[in-house]
Structure formats: C-alpha cells, structure tokens
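A short write-up of the structure that comes next.
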Amino acid sequence: MQSSFSLSLSSASPITGRSDGGATSTAPDLFFSSTTTPSQLRFCGLRREAFSGCKSSNNALLLKQLRPMKKISASSSRNGTPSKGFDYDLVIIGAGVGGHGAALHAVEKGLKTAIIEGDVVGGTCVNRGCVPSKALLAVSGRMRELQNEHHMKSFGLQVAAAGYDRQQVADHAQNLATKIRNNLTNSMKSLGVDILTGFGTVVGPQKVKYGKVGESETLITAKDIIIATGSVPFVPKGVEVDGKTVITSDHALKLETVPEWIVIVGSGYIGLEFSDVYTALGSEVTFVEALDQLMPGFDPEIGKLAQRVLINPRKIDYHTGVFASKITPARDGKPVTIELIDAKTKELKDTLEVDAALIATGRAPFTQGLGLENVNVETQRGFIPVDERMRVIDSKGKLVPHLYCIGDANGKMMLAHAASAQGISVVEQVSGKDHVLNHLSIPAACFTHPEISMVGLTEPQAREKAEKEGFEISIAKTSFKANTKALAENEGEGIAKLIYRPDNGEILGVHIFGMHAADLIHEASNAMALGTRIQDIKYAVHAHPTLSEVIDELFKSAKVKSDVPSAVAEPVAV
C-alpha cells in the first residue's frame, strides 16, 4: 500500500492502480495510483532522478455510514498545549497507518494533536489490507509446506494429510486485525491524542468539521491539517460486485468461502498474494491480465523466475492480453460469467464460467466529500495534488497554506509504510525542520511463498535512465542456492539482483526473490535512503550462517572503479 518500486516506462494506462484484465498496466497495483510513464509519476525526494507528474481516478466513492460522533482523549499531558488561537496544532483526517504514524510523531514533537476516525482506527491496511492478508498468507505458507511431501521427507519428516478449518482461518485473520487495531488505538490514547469519530471535512483555511453524516457536526481549528483518507478497491466498468461470488480484496479477506475455481482479475501484488492463499487451500485459479505477460510491474528477470515457481507448478492458468469487459455474479443456479475481450482489438475472445471472481485491479483514492472546493483544490481523477513536501496544491497551482495530504489519497506511492513516512515528514516540516522524503528508497514486497521484494528501479528503467543521462550500469546477482541457511531450510530457490553504477557505486535498484525476501530488502533500501555507496557497504559484517549473507555477497560481488573515494568516516576505536 506504501517508496521504491518498479517505475513503469511503458505507455500510460487510463485506469488507476491496474495490473489486471481491466486495463493495461505495468506498475504493481500496491505501489502506484496508476501505470504511468516517469513524466506522469509524482515522486518527491532528495535525488534528482525522482520524476514528476500526477495521476488519479474518476471513481465515485460513496461515504460510509459512520458511528455516532464521539471524542476520546487520554489524561496524558504529553499531547501539548495548542498554539494560540487554535484548538489544535495538528488535525489529521484519517486514522489509518499514515495518520497514526503522523499523530505519534506529532506528540513526540510537542504538538497538540487530534485525529479524525472516519470508520475504524487502522484504515485499509489494518482492517482490510496488509494485516489480515498476512494472516491468511501465514496459513497458506504452512499448508503449502505440509502438503509438499517431497519437501517434508527431505527433512526426514512424515506428515499425515493436512487439513484446515475455514472459519478458524478466517477468525485468525480478523482477530489479528482487531489486535493490531486495538494496539494502534491504545498507543494514541496513551499519548493523549484526541480521537474524534466522524467524517472530517475541510471548511476553510485551518478549519475542519467532523461528525456523523446527516447529524450535527463540530467545528475545530488547527494550525496545520493533514488529509490521510486512504483508498478503496478499484472496480472497473462492466464488473458487478455482489460481495459473495464477485468480490474485491475487502471481501476476500473475510474468507467466507473457498471456491473450487476462482478467476483473479489482475496479476499484480494483490492478485499474486491471493493466488497463493487460494491454491494452498485447494482452489484452482485463473488469472486475467491485460498485458502480454503476467506480473508486468516486476523486474522482468525476477518476474520470469517468479512465474516459474509461483504460477507454473500450481493449479493456475492464465489469459494475458485480454480485458474482463463484463463480469456477472452467480445467480439463479448459474455460475459467474466473465467476458474476455482482446486488449488491442476489443473483440470478444472467450467467455468463462467459474465459481467466483476476485477483482484485484488496484485501488482508488477516497477523497470525495472532503470539502476541497472550500480551499480551491481540484482532484486529478480523484487524487489530491501535492508537491514534494506533501503540501496540497490548489487549482491555480499555488500551495494551500497549512494543508497537507499523505498516503494513497495523493497517489505518490500506494503503500502503508509510505503513508507513514510521508506523515512523519510532514510533522518534521510543521515542527520547523525541512524534510523531503526520498520515495526511491522506500521498499515494497509481495508476500507469496517464496516472497518477492524490491527497492529502486527495475533493470529496463535503469537502462533507460542511464541512456538518457549518459552513464553506464552494471548488474550483480547472487543465488539462495549458495546460502547455507537457505540450504539448511531446503529453500534454495531464489536470487538477489543489484543494479548499480560502476563509476560511482550508486545503488539504483535491488530485487529479491526467495525465502524472507521482504525482510532482506531493508539493508538495500536503508543504504539508498542514506546515500551509502557499494564501496562502503560491502565492508559491512553479517552473521554466519544467515540469509543476510545473500545481500552481503551481492554487494561484495559488485565491481566499482577502484579510484572512487569512500564516503565512510574514519573508524572509531571502542
């Protein structure tokens, strides 16, 4: 949801967040608001290679019915005294991961802070996204291992037929979401953050009202305002969602059924993760992808290996180069019907009849009803335009004073941890310290078995950039098959790939496919964020035997010109 990524360097898609059968796309659907060329993407960062632009969605988003208005505040004095003339120093509209991160950092900075909770604390990530999905993926990982007789025998283990209780699996996901949601709420309450329940609306400069739709509202003032309202699943035209047989990721996470045959529209991150879950639990899966290859947003070499491991051996088939132009739910004893049309000619190619369909076509910003017109702000196909410091830009291209937007609502990078990082960056600014977030250094991961992770540019993007700017790039690779810890686990399938500049040691991108790839990527992403070069990090020490040595060997294998100076300071004796 959350940056580093895979930037698309192909033609732009008219649909937001798509890597699916509803529109062309080459960006992972959890990364960006849309598939765009670099000139259309909006990033902010210290590095000059960050591109500019902005995309958004024209989806009509319905406001949810909200719980009765209430205010929760703790007795803690840590939530400071507001600036003179304001109720709060900072008001955050949206209590997801981004808003939560901003609120905690604001209190740490001594700002009197309130957060407006539109539905439940935790937003999409905690309640309908990354948290419950990881619970389901934990189940699928164990099921997949127990079902792999050859794998178990390699350890000398004998396991009886593995089974599962669907309701208990679903309960595990929901219980985890509840636990994390409570943790987030308690962390804010313990610091004295005021939690205001209702839908927040900007009514003018430094003014916000909140309350239940259709009932009385409360007006509050704030020195600074952050919009952090997140996103909702994107459903293309022609798709009828009934929540039972034609579902979005919101419905799928409840795991009310495990269909025998399910079509997943979109082979990006959401689609891949759910294919991992469904096939482990016994379903047959068919992918529908608009582009000519599956997993188009990944580095091509990583995508090719991932398809060989994650798709081909499993009960998965696929249709590429087609749109799902019409999907009708099952009713009156008839199955779900899906009409597929050629992505180029728009001619009908096939009609599928299946038990269920999951629409994994990315996400659209939740920005309607925020009162943006009151401060002369126009969304760009749903997204709120911002600059590199998350400051909101009005319809005339001018900055709106004291108004910021973070997370999915601004479309820079649709990842939960990116939203949190943006929120912290904004708090730094309103606290008097200028801060610009380098999105190229934010990692992302797909939690399949094995996992996929990445930071920075893909190889085609790096080559295009190198040609444009006149420098060379080099590639280094290491294999999990040479790692002792991976071999001890009988998990040697995987590679790590480094894209870098041999002339100065700059890391342009790192891509990993293999066991615990999501954890391994952070050494690379932190190096990029701190500006650490290969000639410096290759001397770092890693414990043996650990999976981290995959990255250690990756940096050691890179060849940087010998005359490039090191930026590492003189060692300090201890």
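- Using a 4.5 Å heavy-atom threshold, the side chains of L547 and L520 count as touching.
- The minimum heavy-atom distance between V427 and A102, with the atom names listed, is CG2-O, 3.4 Å.
- At a threshold of 4.5 Å between non-hydrogen side-chain atoms, the residues L219 and K207 count as touching.
- Note that R391 lies outside the cation-pi zone of Y404, set by a 6.0 Å cut-off to the ring centre and a 45° limit from the axis.
- Formation of a donor-acceptor pair under 3.5 Å by the D394 side chain with backbone atoms of V400 is not found in this model.
- Residues Y269 and F298 place their aromatic rings such that the two centres sit under 6.0 Å apart.
- Side chain to side chain, H439 and Q422 meet the donor-acceptor criterion of an N or O pair below 3.5 Å.
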Check against side-chain contact (heavy atoms from CB on, under 4.5 Å), I537 and E523: CA-CA 9 Å; I537 200 172; E523 184 169 1; 4.0 Å; yes
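- Checking side-chain atoms of E273 against main-chain N and O of T448 turns up no donor-acceptor pair under 3.5 Å.
- For the pair L498 and F555, the minimum side-chain heavy-atom distance is below 4.5 Å.
- Tested against S453 for a side-chain contact (heavy atoms from CB on, under 4.5 Å), the candidates V510, D519, I302, I521 yield a single pass: I521.
- In this structure, OG1 on T113 lies 11.5 Å from CD on E108, to the nearest 0.5 angstrom.
- Checked by atom type and distance alone, the side chain of T248 pairs as donor or acceptor with a backbone atom of D250 at under 3.5 Å.
- A heavy-atom distance below 4.5 Å is found between the side chains of I384 and L370.
- In this structure, I227 and L372 have side chains that are in contact, with non-hydrogen atoms separated by less than 4.5 Å.
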Does K559 form a side-chain contact (heavy atoms from CB on, under 4.5 Å) with Y500? I'd like the steps, not just the answer. CA-CA 9 Å; K559 306 299 181 185; Y500 67 100; 4.0 Å; yes
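- At most 12 heavy atoms of other shown residues, nucleotides or ligands fall within 6.0 angstrom of atom CD in E467.
- A salt bridge links E301 with K497: at least one charged nitrogen is closer than 4.0 Å to a carboxylate oxygen.
- D536 contributes atom CG, which lies 11.0 Å from atom CG of L530 (distance to the nearest 0.5 angstrom).
- In terms of modelled atom types and a separation under 3.5 Å, the side chain of T478 and the main chain of V550 share a donor-acceptor contact.
- Considering CG of L437 and CD of E428, their distance stands at 11.5 Å, rounded to 0.5 Å.
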One pair to check against side-chain contact (heavy atoms from CB on, under 4.5 Å): I393 and V377. What are the steps and the verdict? CA-CA 7 Å; I393 301 171; V377 172; over 6 Å; no
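- Inspection of the S187 and H100 side chains reveals an N or O donor paired with an N or O acceptor under 3.5 Å.
- A donor-acceptor distance shorter than 3.5 angstrom exists from the side chain of N410 to the backbone of C405, with no hydrogens or angles considered.
- Under the 3.5 Å distance criterion, the side-chain polar atoms of N526 are matched with a main-chain donor or acceptor of H522.
- Looking at every heavy atom in both residues, A540 comes nearest to D552 through O-OD1, 3.7 Å.
- Scanning both residues, A518 and E451, for their nearest heavy atoms gives N-OE1, 2.9 Å.
- Listed here is the closest heavy atom pair of L111 and S431: CD1-OG, 4.0 Å.
- When V121, D194, V107 are each tested for a side-chain contact (heavy atoms from CB on, under 4.5 Å) with M188, only one passes: V121.
- Classified by interplanar angle (parallel below 30°, tilted 30° to 60°, perpendicular above 60°), the ring pair F366/F199 is perpendicular.
- Under the 4.5 Å side-chain criterion, counting only non-hydrogen atoms from C-beta, R501 is not in contact with E472.
- In summary, D434 and R389 engage in a salt bridge, as defined by a charged side-chain N under 4.0 Å from a carboxylate O.
- A pairwise comparison of heavy atoms in A222 and V91 identifies CB-CG2, 3.6 Å as the closest pair.
- Taking CG from L137 and CZ from F447, the interatomic distance works out to 8.5 Å, rounded to the nearest 0.5 Å.
- Looking at D87, its side chain does come within 3.5 Å of a backbone N or O of T221 through a donor-acceptor pair.
- In summary, the side chains of D299 and T458 do not present any donor paired with an acceptor at a separation below 3.5 Å, with no hydrogens or angles considered.
- Q206 is listed as a side-chain neighbour of F86, based on a closest heavy-atom distance under 4.5 Å.
- Between the side chains of S425 and H435, at least one donor-acceptor pair of N or O atoms lies under 3.5 Å.
- A salt bridge links R463 to E459: one of the charged nitrogens lies within less than 4.0 Å of a carboxylate oxygen.
- Although no hydrogens or angles enter the test, the distance criterion places no donor-acceptor pair under 3.5 Å between the side chain of E378 and the main chain of S395.
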Does Y88 form a side-chain hydrogen bond (donor to acceptor under 3.5 Å, both in side chains) with D224? I'd like the steps, not just the answer. CA-CA 8 Å; Y88 294 96; D224 293 287; over 6 Å; no
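- Distance alone, capped at 3.5 Å, is enough to place a donor-acceptor pair between the T367 side chain and the G382 backbone.
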Derivation and outcome, side-chain contact (heavy atoms from CB on, under 4.5 Å), residues K412 and M390: CA-CA 9 Å; K412 282 180 176 288; M390 311 302 127; 3.6 Å; yes
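- Across A496 and I551, no two heavy atoms sit closer than the pair CB-CD1, 4.4 Å.
- For the pair K556/Y539, no side-chain contact is recorded, criterion being any heavy-atom separation below 4.5 Å from C-beta on.
- Note that OG1 of T178 is 10.5 Å distant from CG of N183, once rounded to the nearest 0.5 Å.
- One finds the NZ atom of K179 at 7.5 Å from the CG atom of L176 (value rounded to the nearest 0.5 Å).
- H511 places no side-chain N or O within donor-acceptor distance of the main-chain N or O of I452, the cut-off being under 3.5 Å.
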